[in-house]
Protein chains: 2
Amino acid sequence: MSDVPAKTQDRLYQDLARNLLEELASGRYPVGARLPAERELAISYAVSRPTVREAIIALEVQGLVEVKVGSGAYVRRLPGKGDLPGFNITAFELTEARLLFEGEAAALAATQATDEELAQIEGLVDAIARENLQADGAERSDREFHLTIARATRNTAIFDAIEHLWDLRSTSPEAALLHEKARTANIKPVVDEHRAVLTALRARDPNAARAAMRAHLAQVIDSLLFATEERAIEDARRTARAKRARYTQATS
Amino acid sequence: MSDVPAKTQDRLYQDLARNLLEELASGRYPVGARLPAERELAISYAVSRPTVREAIIALEVQGLVEVKVGSGAYVRRLPGKGDLPGFNITAFELTEARLLFEGEAAALAATQATDEELAQIEGLVDAIARENLQADGAERSDREFHLTIARATRNTAIFDAIEHLWDLRSTSPEAALLHEKARTANIKPVVDEHRAVLTALRARDPNAARAAMRAHLAQVIDSLLFATEERAIEDARRTARAKRARYTQATS
DNA sequence: CAAGCTAATTGGTAAGACCAAAAAGGATTC
DNA sequence: GAATCCTTTTTGGTCTTACCAATTAGCTTG
């Protein structure tokens, strides 16, 4: 029935955390309110207190609640979209966001990057070229290339936000798959695009850097589109096979 | 001695999580590696197994490790800057990042926002005006204003990243304080700036929206600068008072 | 050598106990 | 009568022990 692989399962604390998350989202516990005591939650949800503690810690790590010793757990902020389970960002949204944000980051980096960082980036461009020859994947250099530019902005918030976007990719299996597919299907131009960004950074030209970065990520979006169509064909084939199977079964 | 209020203290699991985080950052456990068993960690860190579990869950929620039942905890990714404790983003970095990112978001929103969203944003501008009259703080409407625009981009990744930036503010006590100070010192122009953004969105003019949003956040940066200077003066006064107190004590 | 089974390992959860911090309530004092 | 202090209760923090379930390693067996 379900499309998800079900993964590890178990993890009772996650169920509880999900439930509490929904209660927060429902507005039952507004900001500043105190959650029921651990012992009460344990009883009402029919779990042990350690499990309750684990769930509350999960919320605490996400900054949703604050635990005060001897007092209770208080709501710090209400859950946003990113906190809701089953929340998936598409590869297109992700790349569009990167196009805008990393474009600006490149522009800023063009005015801030040190010679050392530029040399580092050049090394990464070479590494990307090498990685593309061997098809074993691992776009680690690609990630480092983009993060190094983000770091070169000298703005930790910008770096953190862009790193956050890269991390989001791995939270969505579909997005990760699509990216991998797009990468293997589109090898040659990538190095040139990366080198164009580097050239613009070297020239200390913010507008050129922004344009080069945007062009690169626009190309990535195109690759994603291509990969999507490929997959659409596969899906159609699979559907046809399933259809035929049902027919065969029904008539046998 | 220390400037921080020490907060809640306790939380043994946080110490452990911090230690494990450092071990991850040190490269001792590369991606894919398995962490020692819970029972082993409990012994080597001289804590109980529930505490170890809590620490591992803290890492798990942050996406750093993946726990497989009956097998162990495996490293999913290495910690980035945002994961490191004691990591503080300055209010300036944060606002600069917002200037760039939210500027682009506003430009995109100008082409995507629905009439309903525009009406919602107008209501928030009015709410901001009302909140400014009563000095009790709570810039909730301000946050909603910016997040609603981010949502109007129809891009979940953009929304999530911008929400992430807002959340970062609360992780840094200094940044939060500075913002509050800047807000109380600078009341009048804010509403006009917000309304200018709304006008540009209404006109479906991306460039005007970007410019208005950037102008607004540039103004915020100015306010922060002003608040910083104010605080510098206060610090100087406090230092002088302390100096005099020591002198008085020594000569009495 | 391969397949299958058994036992050890490892995470998941429960239950009970005790400590320390905080809050609540009552007694004392001014 | 009000404020203050102290005792009691509540609440989170941690440990210990125990048992279950999934996984893995190792051995047995064909």
Side-chain angles (χ1 to χ4, degrees), chain A residues 2 4-21 23-24 28-29 31-76 85, chain B residues 2 4-21 23-24 28-29 31-76 85:
Chain A
S2 84
V4 292
K7 290 194 171 180
T8 46
Q9 283 311 90
D10 286 310
R11 276 54 189 57
L12 192 50
Y13 90 86
Q14 293 187 346
D15 290 347
L16 219 193
R18 226 187 315 275
N19 284 335
L20 293 177
L21 202 59
E23 297 236 54
L24 289 183
R28 176 169 173 183
Y29 302 111
V31 174
R34 209 206 68 174
L35 264 54
E38 292 180 356
R39 291 169 176 84
E40 293 179 29
L41 287 174
I43 294 175
S44 58
Y45 283 96
V47 296
S48 69
R49 192 151 85 96
T51 301
V52 173
R53 297 192 100 266
E54 293 176 348
I56 290 180
I57 284 174
L59 298 181
E60 188 182 21
V61 172
Q62 297 177 62
L64 291 169
V65 303
E66 176 184 2
V67 177
K68 295 186 180 178
V69 181
S71 178
Y74 296 84
V75 179
R76 249 165 66 95
Chain B
S2 79
V4 293
K7 289 192 175 181
T8 47
Q9 288 304 87
D10 286 310
R11 273 59 185 56
L12 191 50
Y13 90 87
Q14 293 187 346
D15 291 346
L16 219 193
R18 228 187 313 275
N19 285 336
L20 293 177
L21 202 58
E23 298 237 52
L24 288 184
R28 177 170 173 181
Y29 302 110
V31 174
R34 207 205 70 173
L35 264 54
E38 292 180 356
R39 291 171 176 83
E40 293 179 30
L41 288 174
I43 294 174
S44 58
Y45 283 96
V47 296
S48 68
R49 190 151 85 96
T51 300
V52 173
R53 287 179 57 63
E54 292 177 347
I56 290 180
I57 284 174
L59 298 181
E60 188 182 21
V61 172
Q62 297 177 64
L64 291 169
V65 302
E66 177 184 1
V67 178
K68 295 186 179 177
V69 180
S71 178
Y74 297 83
V75 179
R76 251 166 66 95

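All of these numbers come straight from a predicted model, not from anything done at the bench. Note on naming: letters A, B, ... go to the chains in the order of the sequence lines (proteins, then strands), and numbering restarts at 1 for each one.
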### Query
For D:dC15, does OP1 or OP2 lie under 4.0 Å from any side-chain N or O of B:Thr51?
yes

### Summary
Correct closest heavy-atom pair for A:Val61 and B:Tyr13 would be CG2-OH, 4.4 Å

### Message
Closest approach to the side chain of B:Leu12, judged atom by atom: which nucleotide of C:dT10, C:dT13, D:dT14 is it?
### Response
D:dT14

### Task
Determine whether B:Leu12 and B:Leu16 make a side-chain contact, defined as any pair of heavy atoms from C-beta on separated by less than 4.5 Å.
no

### Task
Test A:Val65 against A:Leu20 for side chain to side chain contact (heavy atoms under 4.5 Å, CB included), laying out the working first.
CA-CA 11 Å; A:Val65 303; A:Leu20 293 177; over 6 Å; no

### Query
Of the nucleotides C:dG11, D:dT11, C:dA22, which has the atom closest to the B:Ala37 side chain?
C:dG11

### Task
Report yes if a donor N or O on one partner sits less than 3.5 Å from an acceptor N or O on the other, where the partners are the side chain of B:Arg39 and the base of C:dG11; otherwise report no.
yes

### Query
Rounded to the Å, how far apart are B:Leu41 CG and D:dC15 P?
13 Å

### Query
Nearest-Å distance, CD (B:Glu38) to P (D:dC15)?
14 Å

### Task
For A:Glu60 and D:dT11, give me the distance from atom CD to atom C1', rounded to whole Å.
15 Å

### Query
Which one, C:dA14, C:dG12, D:dT16, comes nearest to the side chain of A:Ser48?
C:dA14

#### Entry: Residue B:Val69, side-chain atoms from C-beta onward, closest of D:dG12, C:dG12, D:dT24
C:dG12

### Message
The side chain of B:Glu54 is closest to which nucleotide in this list: D:dT14, C:dA14, C:dG12?
### Response
D:dT14

### Message
Starting the side chain at C-beta, find the nucleotide from D:dG13, C:dA14, D:dT11 nearest to A:Pro50.
### Response
C:dA14

### Query
So do A:Ile43 and A:Glu40 actually touch side chain to side chain, heavy atoms under 4.5 Å?
no

### Task
Work out which heavy atom in A:Ala55 is nearest to a heavy atom in A:Ala17; give both atom names and the distance.
CB-N, 3.8 Å

### Query
What is the distance from OH of A:Tyr45 to C1' of C:dT13, rounded to the nearest Å?
18 Å

#### Entry: Separation of atom CD1 in B:Ile57 from atom C1' in C:dT13, rounded to whole Å
11 Å

### Query
For B:Glu40, which contact category applies under a 4.0 Å heavy-atom criterion: base, sugar-phosphate, or nothing?
sugar-phosphate

### Task
Go through D:dT14, C:dA14, C:dG12 for me and flag the one nearest to the A:Arg11 side chain.
C:dG12

### Message
Rounded to whole Å, please give me the gap between CZ in A:Arg53 and P in C:dG12.
### Response
17 Å

### Query
Taking atom C1' of C:dA20 as reference, at what distance in whole Å does atom NZ of A:Lys68 sit?
17 Å

### Message
I'd like to know if A:Arg49 reaches the base of C:dG16 with its side chain such that a donor and an acceptor end up less than 3.5 angstrom apart.
### Response
no

### Message
Measure OH/A:Tyr13 against P/C:dA14 and give the value in whole Å, please.
### Response
14 Å

